[in-house]
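A, B, ... follow the sequence lines: proteins, then strands. Residue 1 opens every chain. Given the structure is predicted, the values throughout are model-derived calculations rather than measurements.
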2 protein chains.
Amino acid sequence: MTTREQKKATIYDLSVVSGASASTVSAVLNGTWRKRRISEETADKILSLAKEHDYKANLQARALRSSRSGLTGLLLPVYDNRFFSSMAQTFEALASKRGLVPMVVSGRRDPQEECRTVESLIAYSIDSLFIAGATDPDGVHDLCARAGLAHVNIDLPGSKASSVIADNRQGAVALTQAIIRHAQEIGPLGPDDVFLFGGRDDHASRERIAGFHAAKAAIFGENTFGDIEITGYSPGMTAAAFERFFARHRRLPRCFFINSSINFEGLLRFMAHHPGEAFGDIVVGCFDYDPFASFLPFPVYMIRPDMPAMLDKGFALLDAPPATPQLIMVEPQLVPPRTALEGPLDALDDPSTLSPGS
Amino acid sequence: MTTREQKKATIYDLSVVSGASASTVSAVLNGTWRKRRISEETADKILSLAKEHDYKANLQARALRSSRSGLTGLLLPVYDNRFFSSMAQTFEALASKRGLVPMVVSGRRDPQEECRTVESLIAYSIDSLFIAGATDPDGVHDLCARAGLAHVNIDLPGSKASSVIADNRQGAVALTQAIIRHAQEIGPLGPDDVFLFGGRDDHASRERIAGFHAAKAAIFGENTFGDIEITGYSPGMTAAAFERFFARHRRLPRCFFINSSINFEGLLRFMAHHPGEAFGDIVVGCFDYDPFASFLPFPVYMIRPDMPAMLDKGFALLDAPPATPQLIMVEPQLVPPRTALEGPLDALDDPSTLSPGS
DNA sequence: CAACATTGCACAATCGATGGTGCAATCAAC
DNA sequence: GTTGATTGCACCATCGATTGTGCAATGTTG
């Protein structure tokens, strides 16, 4: 293994060995050589020399000169969650299909962090940005606008840029209906048995809450109040909310809607602190998808957004920017209990499967 | 909102408005101005002008000139999994604490994809690379070595570069002991009741299998064979393995070890296809951590690696590269059933919690 | 006040690519 | 054989920063 840790070859190196000028080498290597009327012979020679010297373009230099970096960013609140990690996975696949290199970053649900993070992406001259679940989409928008950076909101809409979101209200209606019907089959159910936990003061939560209330009203024939508990996207705060409920009623609600899998983790923590209790009679809806949650010892209905469709529409918006900001809704999917859906990982064959183990 | 979409300010713009030269502006803005004997007065003026004009350095240009990009990469096999997404989350936090911008990418367990992906990182002149769960760590190492790129392996060791890994063998022993003891409390158990599913022909799997066999031998006093089923890291293949087992024995093993949460998803799929069956008497160990898995209707023991410790040691190795490749082991944690651990998200306060809902 | 040291900054090359422009050599046409 | 078109490429400025070097102005010393 001759570890020739030579400094990386540049077009100037190739220009020397090929006898052509640097601009000719550049044109050949970036594919514009026909337009520049470089002879096929010269091109072939340079290409083979490039292969021989393991030439790789310095993309920083290219980006600096051409002001197109080939980078596309995705701003997430957090990675550590099935919803966003699946978004990252799908984003990466779609980006590389388009010849772009993805930069995924997280803003940790902190408006200042979000802006700092986006600024660093801008400093690296990314070409486009997907904004997912930002606490302050319009603040991020302003940064992008100032930098002339194309961007779309994903999953959480902003008022100033185009957005692709799941149809939260319709999904919430479907989810609420599903859990109420399931609970009604177990036994009689009143509106006071149906609650919602989680969420914050953002568009998605508001829509879901509206859908939740609409579905309840349609089934029970009356509007209900005091049946939601806002906890933010925090497992700890959600667990505390369940503790409070439990302290007051000595049980959990028969039937409840949880705003996201992060909040769902709060339910799990609550349960971990009540090892003796049985929670076999509850019916839960979760506006999010985690395959493990589907197999818990009580029925869990979930909503899974159609991530490939959402991101595809996002890329389409960037390709052909509409004159005015568009709001595109994508139908999410209702996942009944005990269902293990396929995910982005299933696109990957694992070839090692064929090799013998130890 | 005066959307002044002016082209971004450069040191030349500031040089004009300040009356100083571009090199002076540069020195002031990158902090080397004392060394260059720029007067404090000049520095102050330039700094305030920079703020006024919202100057942000073009990091591509800086990287090109100084050949230090400020980027650090993390190569994952996949995002869509608690183990790796938690790694990404922690990595980002540690990187930004060090003033670096993280670039997280996935190689999808395909050696060619891995190399392509790493090549694109190299083309953007990243300063360092963390290689996690690469199918071919040494192939990636060669790419890095040729580019003179500092790198460490995380979680899966390579022979040619330093590695920080979980102590797989010790963890597997602890996990195997835990599930066998639990199953023994339910009823008498023989070595033929204890199986292992998942994994592939990599270092981690081999170590885990060795630990599994060692623990079994220690408890049952004999070596056992034919008790492992290699499935690769694929939910589908793992589900198929359970189907085969079930077809032969009309039940699942009383007690089994699953190599990762991805394989665990295979178990869930299997269960989804057997809705009538009860699997209440099984005891499962999973060499991975997913909070949801902990609350399934059968006991699940899990192993969680100490991600912050592992990544910290990784950064330390990059800061002070040892003369010869080191292998550093970090003890993982055994997580009993029905335990909801805190994760990286708990470091985030969710301030919106205080705001009223809709 | 001459000689020298120090202060404060400007100049210009450079990183590795891109792309507009210009020019010699070849070719075709009359 | 002159003119004009075409081919094939080289030259050079440029993107926005960093950094080694040089030099005038000021300060210090005797």
Nearest-nucleotide pick for A:S26, side chain only, options being C:dA17, C:dA10, D:dA17: C:dA17
Please enumerate all protein N or O atoms sitting under 3.5 Å from an N or O of nucleotides 22-26 of chain D, with distances to 0.1 Å.
none

Global bending angle along the helix from C:dC1-D:dG30 to C:dC30-D:dG1, which compares the axes of five pairs at either end, to 10 degrees: 50°
Touch class at under 4.0 angstrom, heavy-atom based, for A:A63 against every strand present: nothing
Minimal non-hydrogen separation, B:L75 against B:S106, with atom names: CD1-C, 4.2 Å
Nearest-0.5 Å distance that lies between atom CD1 in A:I46 and atom NE2 in A:H53: 12.0 Å
Give every pair of a protein N or O atom and an N or O atom of nucleotides 11-13 of chain C that lie under 3.5 Å apart, one pair per line with the distance.
residue, atom, partner, partner atom, Å
C:dC11, N4, B:S23, OG, 2.8

Between C1' of D:dG16 and CD1 of A:I122, the distance in whole Å: 17 Å
Phosphate OP1/OP2 of C:dT18: any A:N30 side-chain N/O under 4.0 Å: yes
Heavy-atom donor-acceptor pair, A:S15 side chain to A:A20 backbone, under 3.5 Å: yes
Euclidean distance, atom OH of residue B:Y124 to atom P of C:dG16 [Å, nearest integer]: 17 Å
Within 6.0 angstrom of B:Q112 CD, more than 12 heavy atoms from elsewhere: no
Sugar-phosphate only, base, or nothing, as touched by A:T42 at under 4.0 Å among non-hydrogen atoms: sugar-phosphate
Aromatic plane relationship, B:F91 with B:F130 - under 30° parallel, 30 to 60° tilted, over 60° perpendicular: perpendicular
Atom-pair distance (CD on B:Q60; P on C:dT18), nearest Å: 13 Å
Given A:L156, A:L317, A:L327, the one that forms side-chain contact (heavy atoms from CB on, under 4.5 Å) with A:S163: A:L327
Closest nucleotide among D:dT18, D:dC9, D:dG16 to the B:R62 side chain: D:dT18
Distance, rounded to the nearest Å, where B:K35 contributes NZ and C:dG8 contributes P: 17 Å
Under-4.0 Å salt bridge between A:R98 and A:D319: yes
Nearest-angstrom distance from the residue atom CD1 of A:I11 to P of D:dA10: 12 Å
Of A:V164, A:D306, A:V330, A:L94, the residue whose pairing with A:D312 passes side-chain contact (heavy atoms from CB on, under 4.5 Å): A:L94
Closest-nucleotide ordering on DNA chain C, the 5'-leading residue of B:I38 and B:A61: B:I38
Atom-pair distance (CG on A:L29; C1' on C:dG16), nearest Å: 12 Å
Value in whole Å for how far the P atom of D:dG16 lies from NZ of B:K8: 10 Å
Nearest listed nucleotide, side chain of B:A20, among D:dC9, D:dC15, C:dA10: C:dA10
Close side-chain approach of A:S125 to B:N58, heavy-atom, < 4.5 Å: yes
Heavy-atom check, side chain of A:R62 versus side chain of A:N30, under 4.5 Å: yes
A:R108 and B:S96 side chains, donor-acceptor separation under 3.5 Å: yes
Whole-Å gap separating P (C:dG16) and CG (B:N58): 16 Å
Ionic contact status for A:D110 with A:R116, cut-off 4.0 Å: no
Sugar-phosphate only, base, or nothing, as touched by A:A27 at under 4.0 Å among non-hydrogen atoms: nothing
